[in-house]
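Take a look at the structure below.
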Amino acid sequence: MRVEKMLLDDNGATYIISGVKFRYRVEQISNIKVGQEVEFTELIRKTRPYLIMSKETQEQMEG
């Protein structure tokens, strides 16, 4: 899976990887870079984001 985008704000960062959003707090921002290839299981095991949201999940929450 390739890291498509990284969005930064005052509270942390959101990485978009294959259409899935991985949210990190400021104190736990990973060293993942845009364009980097990552394995899903390694991403979860090593970086431990506090929120994972797919496009489908986001649409359900908004609808």
Side-chain angles (χ1 to χ4, degrees):
M1 297 169 26
R2 185 177 299 277
V3 180
E4 301 159 11
K5 190 184 288 186
M6 180 177 79
L7 309 167
L8 293 171
D9 59 40
D10 292 341
N11 298 319
T14 300
Y15 293 92
I16 300 175
I17 303 169
S18 296
V20 179
K21 294 180 180 180
F22 294 83
R23 180 78 178 146
Y24 295 86
R25 292 185 179 93
V26 170
E27 64 272 7
Q28 68 181 133
I29 290 177
S30 179
N31 60 353
I32 301 168
K33 295 178 177 68
V34 173
Q36 180 179 344
E37 288 285 335
V38 293
E39 291 285 332
F40 185 77
T41 53
E42 289 297 306
L43 183 71
I44 300 302
R45 188 173 69 79
K46 289 183 178 178
T47 62
R48 301 176 194 253
Y50 78 88
L51 178 64
I52 302 170
M53 183 181 298
S54 69
K55 183 177 179 183
E56 294 79 19
T57 305
Q58 189 173 5
E59 288 171 356
Q60 289 174 0
M61 289 176 69
E62 292 171 355

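Hydrogens, waters and symmetry mates play no part in the numbers below; they use all other heavy atoms, side chains included. Here the structure is a predicted model, which is why all the values come from computation and not from measurement.
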Take Tyr15 and Ile29, measure what side-chain contact (heavy atoms from CB on, under 4.5 Å) needs, and give me the verdict at the end. CA-CA 10 Å; Tyr15 293 92; Ile29 290 177; 3.7 Å; yes
Output, in order, the C-alpha distance, side-chain angles, deciding distance and verdict of side-chain contact (heavy atoms from CB on, under 4.5 Å) for Ile32 and Leu43. CA-CA 9 Å; Ile32 301 168; Leu43 183 71; 3.2 Å; yes
Does Asn11 form a side-chain contact (heavy atoms from CB on, under 4.5 Å) with Arg23? I'd like the steps, not just the answer. CA-CA 10 Å; Asn11 298 319; Arg23 180 78 178 146; 3.6 Å; yes
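Between Glu4 and Ser18, the closest side-chain pair of non-hydrogen atoms falls below 4.5 Å. Counting only heavy atoms from C-beta outward, the side chains of Leu8 and Thr14 never approach each other to under 4.5 Å. Contact annotation: the side chain of Ile44 approaches that of Pro49 to within less than 4.5 Å [non-hydrogen atoms, C-beta and beyond].
Defined by atom type and a distance below 3.5 Å, a donor-acceptor pair is present between the side-chain atoms of Thr47 and Tyr24.
A donor-acceptor pair under 3.5 Å is absent between the side-chain atoms of Arg2 and the main chain of Gln36, judged by distance alone.
Partners of Arg48 by side-chain hydrogen bond (donor to acceptor under 3.5 Å, both in side chains), not counting sequence neighbours: none found.
Linking ILVMFWY side-chain heavy atoms closer than 4.5 Å, directly or via other members, places Val20 and Val3 in a single hydrophobic cluster. No chain of hydrophobic side-chain contacts below 4.5 Å, direct or via other Ile, Leu, Val, Met, Phe, Trp or Tyr residues, connects Ile52 to Ile16. Note on Leu51: it does not cluster hydrophobically with Val26, by side-chain heavy-atom contacts below 4.5 Å among ILVMFWY residues.
A pairwise comparison of heavy atoms in Met1 and Ile17 identifies CE-CG2, 3.5 Å as the closest pair.
With Tyr50 as the aromatic partner, Arg25 meets the cation-pi criteria of under 6.0 angstrom to the ring centre and within 45 degrees of the ring axis.
Residue-environment remark: CD (Glu39) stays at or below the threshold of 12 foreign heavy atoms within 6.0 Å.
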